Amino acid sequence: MTASWTPTARETTSLQRHGHTQSFSRVDAMWPWLADRYGTITALDAPHASHPEQFSFGELAQRIATAAAAFEAKGVRENDVVALFSENSPRWLVADQALMRCGAADAVRGASAPVEELRYILDDSKATALVVQNADLWRRLALTPEQRTRLKVVVQLEGDPVDELTGWDALLASAVGLAPLQRSQDLAGAASPVATILYTSGTTGQPKGVPLTHANLLHQIRSLACVAYPKPGDPVLSVLPIWHAYERSASYYFLSCACTQSYTTIKQLKKDLPRVQPIAMATVPRLWESVQAGFEEVVKTFPPSRQRLLRSALSNSSAQRQALRRANDLMLEPVSWVGRFQAAGVACLRWPLHALASALLWPKVRRQLSGGQLAYPISGGGAIAPHIDAFFEAVGIELLVGYGLTETSPVISCRRPWHNIRGSSGLPLPGTEFRVVDPESGVPLGFRQRGRVLVRGPQVMGGYWGKPEATAKVLDADGWFDTGDLGMLLADGSVALTGRAKDTIVLSSGENIEPGPLEDVLVASPLIEQVMLVGQDERQLAALIVPRAEVIVDWAREQGLNLAHDLGGKPGDQALLRLLMQECNRLLKQRVGARGDERLAGVVLVDPFTIDNGLLTQTLKQRRDRITARDHARIRGMYNR
C-alpha cells in the first residue's frame with residue numbers, strides 16, 4: 001500500500017500563486033527575481049546580531065552578488081566544498097547564497113557545536129575553504145598546520161579578524177572593481193549540483209554528511225505553498241538554527257514569498273513575538289512546551305477566581321474543539337456516523353461559551369503567546385504532546401505538525417490548516433510517496449497497520465557523503481528511503497508516527513515498547529519537566545525524571561509529605577519517588593490502548609537535559625545514549641544493581 005500526494009483545489013491554487021519558483025533552476029536564482037519585483041521590501045532584520053543589520057530584497061541581492069565575486073576572487077570554484085560554522089545572522093545567509101552562486105557547496109554547522117564535531121566535518125567534507133563566526137571559534141578549532149594549508153581562504157564573519165583571517169568587511173571590499181557575480185542559471189548540470197552538505201544531528205554515533213542538491217531544496221521552496229502561503233512583506237520569525245535542514249528550507253521558502261524575516265534567539269523570543277507579530281514561524285515541540293509552561297506559571301499568579309474562570313474557559317474550548325474535530329472525522333481513530341452526529345451536538349452545545357471566550361479571552365492570550373497573528377506555526381523535529389496540541393487549539397492557534405529528516409531536505413509531510421488531524425504528521429508533500437512495511441520481512445502493509453516508514457520523492461538525498469555502505473542500508477535501488485521511524489498510514493493518506501525503531505525498548509520478555517507515546521503522557525503532567533524511559537533487556541520499564549520542583553513540593557504536601565525545595569537531592573527522597581511512580585503508573589494506565597507491560601518499576605530524579613550539557617541536539621531532541629551514559633549509575637540503582 002502506497003500513499004501519495006493528491007492535490008486539492010486549495011493546494012493547486014496556492015501552488016499556482018507560487019509558480020514563479022518553477023523558473024528557478026538553482027536556489028540562488030531567487031534573489032534577482034525578488035529584487036526586481038520586491039526590491040524595497042525588507043528581507044532580513046537582525047536586531048540582536050553582533051552586527052545588527054537590515055536589508056531590503058534589493059540590497060540583499062546586491063550583497064550576495066558582491067560576496068560571490070569576492071569568494072570567487074579568493075579561489076572558490078564550482079564543486080568546491082566550503083565549511084560554514086556560524087549561528088543565525090544575515091551574514092550567514094549572504095555567505096551561504098554567495099557560495100551557491102559560485103557553484104560551491106557549503107558544509108554547515110553551528111558555532112556552538114563541539115569543536116571535535118566541527119573538526120570532523122571540516123575533514124570529512126574535504127573543505128577547501130572555511131567561514132567561521134568569530135575569532136573565539138577560530139581559536140577553539142585550533143587547526144593543525146596541515147588543515148590550514150588545505151584552506152584557500154578563512155573568512156571571519158564577526159569582529160576584528162585575527163591570525164591574518166579575512167574579515168567580512170575586507171572580503172566585501174575585495175570585490176570593489178569586480179563585476180558582481182550574477183551567474184545563477186548557467187552552471188553545468190542545472191539543478192543537479194550539490195548545494196550544501198548537512199550533518200545529521202548525531203543523536204547516536206558519528207554524524208553523517210547529507211549532500212542536498214539544488215533540486216532537493218527547490219522541491220521544498222515550491223511545495224511548502226501547500227501548507228502556508230503568506231503575502232509579500234508578511235513578518236516571519238526565525239528562532240531555530242539556520243544551518244539545520246528544517247529552519248533552512250523554511251527560511252528559503254518564506255523568503256521566496258518575499259516575506260520579511262526577523263532573526264531572534266530563545267532568550268529574546270518572548271519580547272520579539274509581540275514586537276514582530278509573525279504570520280509564520282518554524283518551531284519545534286519543546287518551544288511550544290515552554291510557552292505553555294510559561295502560561296501556566298503566569299496563571300498561578302492570578303487571583304483564585306480569575307484562575308477558575310480561565311481554566312473553565314480552557315476546558316470548555318478544548319472540549320468544543322475536540323468535539324468539532326470528531327464531528328469532522330479529523331481523528332487518528334475513525335469516527336462512526338453516529339459518533340460524528342453526537343460530537344456535532346456536543347460542539348454546538350459548547351459553542352456559545354467558546355465563542356464568548358474567543359471574543360474576550362483568547363485574542364489577548366494569543367497576543368501574549370504568539371504575537372496575535374500567527375497563522376502558520378509549523379512544528380517539526382518531533383511529535384507534539386497531545387496536551388500541548390489541545391491547549392493551543394483551544395486558544396485558537398492551529399499547530400501544523402510536519403515530518404521530515406535531514407536526508408529528506410527535510411519536509412515530507414505536514415498537516416494542512418484545513419485538514420489538521422491531531423496526532424498525525426499530515427499529508428504528503430507534492431511528488432512524495434509513503435509506504436509502511438513490516439519491520440522484519442519488509443512486506444508492504446495496509447492502512448492503519450504499524451510498521452517501518454519508507455518515503456520516496458524529489459526531496460530525498462542521493463546518498464551519504466562518502467559513505468556508500470551507510471547509503472545502501474537506508475536507500476534502495478528504487479529510491480525508497482528507510483526513515484527508521486515506525487508508524488502507519490491513514491486512509492486519507494496522512495502518516496502517523498508511533499516511535500523510532502532504534503529507540504524501541506525491548507524488555508527481557510521480548511515485548512517491544514515504543515517510549516515516545518508513553519513519555520508524551522508523562523510529560524503532560526505538571527509535575528514533570530522532562531522524562532526518558534529506560535528498560536532495555538530488563539523485566540520492566542523505569543523513568544528518569546527532571547522534576548518541576550515547586551509544583552512537586554505543593555503536590556507532595558497534599559499527599560502528606562513535607563519536602564525541602566531540593567526534593568531530597570538526587571536521586572530524590574524515597575517516599576517521594578514511590579508517590580511519583582504511583583502517579584506515573586496511574587497516568588500510563590489511563591492512556592488509550594494502554595498495555596500491562598507499560599508500567600514503571602522505578603523512577604529517579606535527574607538533572608535537566610540541555611543543549612549546553614550535550615544531552616539535547618540543537619533542535620532539542622534527546623540524545624538518549626548520552627543521557628543513559630550520564631545517568632548509568634542511577635539506572636542500575638533502579639534495577640538494584
Side-chain angles (χ1 to χ4, degrees), residues 87-88 109-110 112-113 198-203 220 224 227-228 236-251 253-254 261 263-270 272-273 278 280-295 369-371 374 376-389 391-392 397-415 420 422-426 483 485 497 499-500 503 516 519-520 523-524 529-532 546 608-612 614-624 627:
E87 304 298 339
N88 298 24
R109 201 60 160 178
S112 60
L198 290 81
Y199 280 75
T200 56
S201 57
T203 52
Q220 303 283 283
L224 287 173
V227 179
V236 174
L237 202 54
S238 172
V239 63
L240 300 180
I242 195 173
W243 47 265
H244 190 272
Y246 175 38
E247 176 67 30
R248 195 167 180 188
S249 286
S251 292
Y253 170 68
F254 289 127
Q261 179 164 284
Y263 294 109
T264 188
T265 65
I266 292 294
K267 290 181 179 179
Q268 299 293 335
L269 180 61
K270 187 176 180 180
D272 281 345
L273 281 167
M281 186 166 65
T283 65
V284 291
R286 183 67 178 150
L287 186 148
W288 295 111
E289 291 167 9
S290 298
V291 171
Q292 192 265 350
F295 172 81
L369 299 183
S370 67
L374 188 59
Y376 307 113
I378 304 173
S379 179
I384 289 276
H387 74 289
I388 300 295
D389 229 345
F391 168 78
F392 285 102
I397 299 174
E398 289 271 344
L399 300 183
L400 305 176
V401 176
Y403 170 44
L405 304 94
T406 303
E407 293 90 338
T408 59
S409 304
V411 187
I412 47 182
S413 72
C414 193
R415 299 183 194 171
N420 197 338
R422 296 294 183 270
S424 82
S425 294
T483 66
D485 289 314
L497 302 180
R500 182 82 181 148
D503 291 343
E519 290 166 349
D520 286 343
V523 84
E529 176 73 25
Q530 295 170 298
V531 63
M532 191 185 91
V546 177
F609 317 141
T610 68
I611 294 174
D612 290 340
L615 302 184
L616 294 181
T617 69
Q618 292 286 334
T619 51
L620 306 179
K621 295 177 185 175
Q622 292 179 356
R623 297 183 187 267
R624 303 181 81 92
I627 294 170

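These numbers come from the heavy atoms of this one structure, side chains and all, not from hydrogens, waters or symmetry mates. The residues of the chain are indexed from 1 along the displayed sequence. Because the structure is predicted, anything quoted here is derived from the model rather than measured.
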- prompt: Between the side chain of Asn88 and the main-chain N/O of Leu240, is any donor-acceptor distance below 3.5 Å?
  reply: yes
task: For Tyr246 and Pro241, indicate whether the former's side chain and the latter's backbone hold a donor-acceptor pair under 3.5 Å.
output: no
- prompt: Counting distance only, does the side-chain N/O of Tyr263 pair as donor-acceptor with the main-chain N or O of Ile242 below 3.5 Å?
  reply: no
query: Under 4.5 Å between any side-chain heavy atoms of Arg422 and Pro386, yes or no?
result: no
Residue pair Val227 / Ile378: nearest heavy atoms and the distance that separates them: CG1-CD1, 4.2 Å
message: Can a donor-acceptor pair be found, under 3.5 Å and without considering hydrogens, that links the side chain of Ser413 to the backbone of Ser425?
response: yes
query: Heavy-atom distance under 4.5 Å between the side chains of Gln292 and Phe392, does that happen here?
result: yes
Side-chain heavy-atom pair Ser238, Phe254 within 4.5 angstrom cut-off: no
field: Intermediate values then yes/no, side chain to side chain contact (heavy atoms under 4.5 Å, CB included), Gln530 and Arg286
entry: CA-CA 10 Å; Gln530 295 170 298; Arg286 183 67 178 150; 3.9 Å; yes
message: For the backbone of Ser112 and the side chain of Glu87, can you confirm whether one donor and one acceptor N or O come within less than 3.5 Å of each other?
response: yes
- prompt: Of all heavy-atom pairs between Ser249 and Pro410, which one has the smallest distance, and what is that distance?
  reply: OG-CD, 3.6 Å
task: Over 60° means perpendicular and under 30° means parallel, so classify the ring planes of Phe295 and Phe391, tilted if in between.
output: tilted
task: Evaluate the side chain to side chain contact (heavy atoms under 4.5 Å, CB included) criterion for residues His387 and Val523: first the C-alpha distance (whole Å), next the side-chain angles of each, then the deciding distance (0.1 Å), finally the verdict.
output: CA-CA 9 Å; His387 74 289; Val523 84; 4.3 Å; yes
message: Any non-hydrogen side-chain atom of Leu269 less than 4.5 Å from a side-chain atom of Leu287?
response: yes
- request: Please report the C-alpha distance between Gln268 and Thr264 in whole Å, then the side-chain angles of each, then the deciding distance to 0.1 Å, and finally whether the side-chain hydrogen bond (donor to acceptor under 3.5 Å, both in side chains) criterion is met.
  value: CA-CA 6 Å; Gln268 299 293 335; Thr264 188; over 6 Å; no
message: Show, in sequence, the C-alpha distance, side-chain angles and deciding distance for Leu400 and Asn420, and conclude whether the side chain to side chain contact (heavy atoms under 4.5 Å, CB included) test is met.
response: CA-CA 7 Å; Leu400 305 176; Asn420 197 338; 3.7 Å; yes
query: Okay, side chain of Ser251, backbone of Glu247: is any donor-acceptor separation there less than 3.5 Å?
result: yes
- prompt: Can we say Lys621 and Asp503 salt-bridge, meaning some charged N sits less than 4.0 Å from an Asp/Glu carboxylate O?
  reply: no
